[in-house]
Undergrad: 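Below is the structure I would like to discuss, written out as structure tokens.
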2 protein chains.
Amino acid sequence: MSSLNPSQATARRSSRLTDLGIVDALVQTSFLVQEMLDDIAAEHELSIIQARLLGVLRDREPRMAHLAQLLGLSKQSTTGLVNRAERRGLVRRVSIPVGDERAVHVSLTDEGRRIAELLAAQVSMRVATVAADLPETNRSRLSMLLSQLVLRDADQHGTDLDPQPMRPTR
Amino acid sequence: MSSLNPSQATARRSSRLTDLGIVDALVQTSFLVQEMLDDIAAEHELSIIQARLLGVLRDREPRMAHLAQLLGLSKQSTTGLVNRAERRGLVRRVSIPVGDERAVHVSLTDEGRRIAELLAAQVSMRVATVAADLPETNRSRLSMLLSQLVLRDADQHGTDLDPQPMRPTR
DNA sequence: TATTGTTATACTCTATAACTATA
DNA sequence: TATAGTTATAGAGTATAACAATA
């Protein structure tokens, strides 16, 4: 159990083993979903972290420090991440005339926004496809159960609340 | 939707929004689990890929080429990965006297095995803990639904079958 | 003096191309 | 000639420490 292995707990294929147990089920599902996200990002020649960056910027123009916090990175890593995205024309650094002169805000370029929206749409479609295997009743049941899991964890760990989509792990 | 963002679709905390929708529920769950795996690996000063390496080696001593395939890496990346793990005393390269003289098998050291087992146990505990929030009935229902998802996907994508635990994504 | 962001430096992880040594 | 694995090289991603500019 615990399968630090994606795909693996498959055990003999097509066997009547239909329950992996809660731990393996969760771990393997996470690998499955992450692989989908990674594939989608890769189709745009992006890493998951670059895709997350675009996702986070879909509805805000945070300063470097806030961006670092949103992505769970050090400020130095964020500098590098933004540098590479800027070099590719996906984001830009903007300075706000009034306020702290030291601050820099990061914003999507038109191209960056185009890709960010594409990514969001593709993730929705692709992930929905996996779930489409389940009959409607089970799908909404699953949705609710996972939502409870996620929301309870967020409550407990005081996860901040951001109403924006498109941010993966790291 | 599609939230390439972990933790984020939290929306206003403690609101009565109890259903994120199947897509966000799956995506956020995947981030939640991956973060747990990453935290556990980090407690042992390991990256997720190093933890996966140990997990894969728990029940085999594959050649470099097979290992690369199991981890989804190029053979060159695998050489580097094994080099670093070997330098830390977690794995060792062994040559089998008979057979292809070019082949190298990778095996856990005692220390590597100790850590591999620890990781597996911790993943089991930690992941089970999140699920523990759900009442028993819901938990087994969730386990079955996710298992269906994972197993159906494995069937469709002809995912190989390995009876070993501890292998994450990348 | 404290904070914001960048620079300098170092490692891990990953890939492609070229190479060595068997087969 | 083909295969197993390593070496060479390059670049992304990450972190810590030191620094510049502004508060």
Side-chain angles (χ1 to χ4, degrees), chain A residues 34-35 37-39 41-42 44-54 56 61-88 90-107 167-170, chain B residues 4 34-35 37-39 41-54 56 61-88 90-107 167-170:
Chain A
Q34 291 288 314
E35 273 164 27
L37 299 182
D38 198 60
D39 287 348
H44 297 272
E45 315 237 3
L46 294 173
S47 62
I48 278 206
I49 188 64
Q50 288 285 344
R52 280 184 66 194
L53 171 63
L54 299 188
V56 164
E61 302 192 348
R63 293 152 149 236
M64 292 298 290
H66 186 206
L67 185 53
Q69 186 213 320
L70 291 170
L71 295 172
L73 298 177
S74 67
K75 59 184 182 178
Q76 297 91 330
S77 299
T78 306
T79 291
L81 189 71
V82 170
N83 283 347
R84 292 184 293 274
E86 195 168 34
R87 207 183 300 144
R88 293 178 59 167
L90 302 176
V91 308
R92 86 173 77 79
R93 270 175 248 242
V94 298
S95 50
I96 305 266
V98 291
D100 196 327
E101 288 286 310
R102 297 168 302 181
V104 173
H105 290 253
V106 185
S107 161
R167 248 190 285 153
T169 190
R170 53 72 131 256
Chain B
L4 248 186
Q34 290 290 314
E35 274 164 26
L37 300 182
D38 198 59
D39 287 348
E43 284 167 23
H44 297 272
E45 315 238 336
L46 292 173
S47 62
I48 279 207
I49 188 64
Q50 288 285 343
R52 281 184 66 194
L53 170 62
L54 300 189
V56 164
E61 303 191 348
R63 292 150 150 239
M64 291 298 290
H66 187 204
L67 186 54
Q69 186 213 318
L70 291 171
L71 296 172
L73 298 177
S74 66
K75 60 183 181 177
Q76 296 91 332
S77 299
T78 306
T79 291
L81 189 72
V82 169
N83 284 346
R84 293 185 292 274
E86 195 167 35
R87 208 184 301 144
R88 294 179 58 169
L90 303 176
V91 309
R92 87 172 76 81
R93 270 176 248 242
V94 298
S95 50
I96 305 267
V98 290
D100 196 326
E101 287 287 310
R102 298 168 301 180
V104 173
H105 290 252
V106 185
S107 161
R167 247 190 284 155
T169 188
R170 51 77 132 258

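First the proteins, then the strands, lettered A, B, ... as listed; each starts at 1. Here the structure is a predicted model, which means the values were calculated and not measured.
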Undergrad: Within the 4.0 Å heavy-atom criterion, would you say R88(A) contacts the bases, only the backbone, or no part of the nucleic acid?
TA: nothing
Undergrad: I need the CG-P distance between L90(B) and dT12(C), as an integer number of Å.
TA: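 In whole Å, dT12(C) P and L90(B) CG are 12 Å from each other.
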Undergrad: Return the minimal non-hydrogen interatomic distance between Q50(B) and R84(B), and the atom names on each side.
TA: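 Looks like NE2-CB, 3.9 Å.
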Undergrad: Nearest to the Q76(B) side chain among dT14(C), dT16(C), dT4(C), which nucleotide is it?
TA: dT16(C)
Undergrad: To the nearest Å, give me how far apart CZ (R63(A)) and P (dA23(D)) are.
TA: 10 Å
Undergrad: Check whether any side-chain nitrogen or oxygen of R93(A) sits under 4.0 Å from OP1 or OP2 of dG5(C), and answer yes or no.
TA: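 No, no such contact exists.
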Undergrad: For the side chain of K75(A), counting heavy atoms from C-beta on, which of dA12(D), dT14(C), dA18(D) is nearest?
TA: dA18(D)
Undergrad: Identify the pairs formed between an N or O of the protein and an N or O of nucleotides 20-22 of chain C at a distance under 3.5 Å, and give each distance.
TA:
{"from": "dT22(C)", "atom 1": "O2", "to": "R102(B)", "atom 2": "NH1", "distance (Å)": "3.0"}

Undergrad: Nearest 0.5 Å please: distance from the OG1 atom of T78(A) over to the CG atom of L53(A).
TA: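 One gets 9.0 Å once the value is rounded to the nearest 0.5 Å.
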Undergrad: I96(B) CD1 to dA4(D) C1': how many Å, rounded?
TA: 14 Å
Undergrad: Let me confirm one number: the NE2-CG distance from H44(B) to L54(B), rounded to the nearest 0.5 Å.
TA: 10.0 Å
Undergrad: Over all heavy atoms of both residues, which pair between A41(B) and A51(B) is shortest? Give the atoms and the distance, please.
TA: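 Result for this residue pair: CB-CB, 4.0 Å.
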Undergrad: Taking CG from D38(B) and C1' from dC13(C), how many angstroms apart are they, rounded to a whole number?
TA: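 Atom CG in D38(B) sits about 13 Å away from atom C1' in dC13(C).
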Undergrad: Which nucleotide, dT6(D), dC13(C), dA18(D), lies nearest any side-chain atom of T79(B)?
TA: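 So the side chain of T79(B) is nearest to dT6(D).
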Undergrad: Run the numbers on L73(B) and I49(B) for side-chain contact (heavy atoms from CB on, under 4.5 Å), then give the verdict.
TA: CA-CA 10 Å; L73(B) 298 177; I49(B) 188 64; 4.2 Å; yes
Undergrad: Over how many whole Å does the gap from Q50(A) atom CD to dT14(D) atom P extend?
TA: 9 Å
Undergrad: Any side-chain heavy atom of V104(A) within less than 4.5 Å of one from V82(A)?
TA: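 Of all side-chain heavy-atom pairs linking V82(A) with V104(A), none is under 4.5 Å.
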Undergrad: Round to the nearest Å and state the distance from H105(B) atom NE2 to dA4(D) atom C1'.
TA: 11 Å
Undergrad: Figure out the CG/P separation between L67(B) and dA4(D), and round it to whole Å.
TA: 14 Å
Undergrad: Consider the side chain of S77(B), meaning its heavy atoms from C-beta on, and name the nucleotide among dA12(D), dG5(D), dT14(C) that approaches it most closely.
TA: dT14(C)
Undergrad: To the nearest 0.5 Å, tell me how far I48(A) CD1 sits from D39(A) CG.
TA: 9.0 Å
Undergrad: Atom CZ of R84(B) and atom P of dC13(C): how far apart are they, to the nearest Å?
TA: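 It is 4 Å, rounded to the nearest whole Å.
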Undergrad: Identify, between S74(B) and R87(B), the residue whose nearest nucleotide on DNA chain C lies closer to the 5' end.
TA: R87(B)
